[in-house]
Amino acid sequence: MRARTTALLGVGVLVLAAGCAGPQAGGPPGTGPQDASDETPLVGVAMPSVELERWVGDGENVSAQLTSLGFDVDMRYAEDDPATQVEQLRAMVDAGADALVVASVDGSALSDVLADAGAADIPVIAYDRLISGTDAVDYYASFDNHRVGVLQGTALLRGLGVVDAAGKPTGAAGPFAVELFAGSPDDNNATVFWDGAMSVLRPYLDSGVLTVPSGQVQREQGAIQGWAADLAGERMTSLLGPYRDGLRLDGVLSPYDGISQAILAATAELGYVPVVTGQDAELDAVRSVAAGEQYATVYKDTRQLAEVTVQMVQALLDGGEPEVNDTTSYDNGVKVVPAYLLAPQEVTEDSYTKVLVDSGYYTAQELR
Ligand code: GAL
């Protein structure tokens, strides 16, 4: 179900590459050609980019599950460009989509097009990333993103020996030299991950057990636009000065596996492997964890996320109310978006077989 190397989609899924014009409706929203000729509900799925490995799996899971329930699916990847995503969503609205599932590139850039969706009574589900600044988002399907950050911060501390396996302080005095990376500034999740990680790291930064030799301790300073590996590699390389001169780089807080792998590549010249965290359990990262390189990742079962999302779509199209488990955490500036949040799980060299192979997320063979 979850091939990771191609973005091929199941039969019945309408695939449109970024930049291609979608089916254009002649009439007002809701009366597009697909609606007129076909009673099958059409679900528009907007995904950010095939360049970041996880979204390929997400897209496949969502579209396969929607298709198996009998929906038509129009899924598009936006090449990580907010304007492209707006165009794609507009085409979906114009084509008479019955519901939209949106993993945003820039969560604050969709207000106009989603206002049109709202005016056409098309329900909108924010997928994984919150959509902000609009009331035209009905539900949010995601993970407990604060907890993701807590897991990342805790993994860094444990990898350094500052806390033990149970999370209890060991009394190690350090000082341990670390550098801090954050996600894309246009993604609400990046702030939530950072705040979660800092909630556990802050006391140790304040007490001097952890030091940040670059002095770059603000999220804005560590932010990586678009979560892009090349930018992360460049930033890491630009910070290497003192470490090339002999200071030991003990650890790096990384919010996402693509960034983690770039950090490990950039630090390879140091001749040792710092403690590096991550997220998403991407294939290369898990192989790296299994090989004792990347210290940890955070697994978020995107099959479950797809399931929650598809259930939301179905409930809405049946005229019902989707199940939620959080009605307080995600204020998007205009409304608190009711959410269903799934539990993330830490993965290390000791646990990857149990968490990822036993659950069928990867086969043992894939991880070799
Ligand atoms: C975030 C997502 C993370 C990671 C990152 C880069 O929005 O929650 O799991 O995938 O984007 O794609």
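Counting starts at 1 for both ligands and their atoms, in listed order. We use all heavy atoms of the structure for the numbers below, so side chains are in, but hydrogens, waters and symmetry mates are not. Count residues from 1 along the sequence.
Salt-bridge annotation for Glu87 and Arg76: absent, with no side-chain N of the basic residue lying under 4.0 Å from a carboxylate O of the acidic one. A salt bridge links Arg54 to Asp128: at least one charged side-chain nitrogen sits closer than 4.0 Å to a carboxylate oxygen.
Shown here are the side-chain contact (heavy atoms from CB on, under 4.5 Å) partners of Ser359, two or more places apart in sequence or in another chain: Tyr299, Arg303, Tyr361.
Contact shell of ligand 1 (protein heavy atoms, cutoff 4.0 Å): Leu52, Arg54, Trp55, Asp128, Arg129, Asp187, Asn189, Phe193, Trp227, Tyr256, Gln279, Asp280, Lys300.
Side-chain atoms of Asn325 come within 3.5 Å of backbone N or O of Leu341 as a donor-acceptor pair.
Side-chain contact check for Val313 versus Ile125: some heavy-atom pair is nearer than 4.5 Å.
Tyr272 carries Arg248 over the face of its six-membered ring, with the cationic atom under 6.0 Å from the centre and within 45° of the normal.
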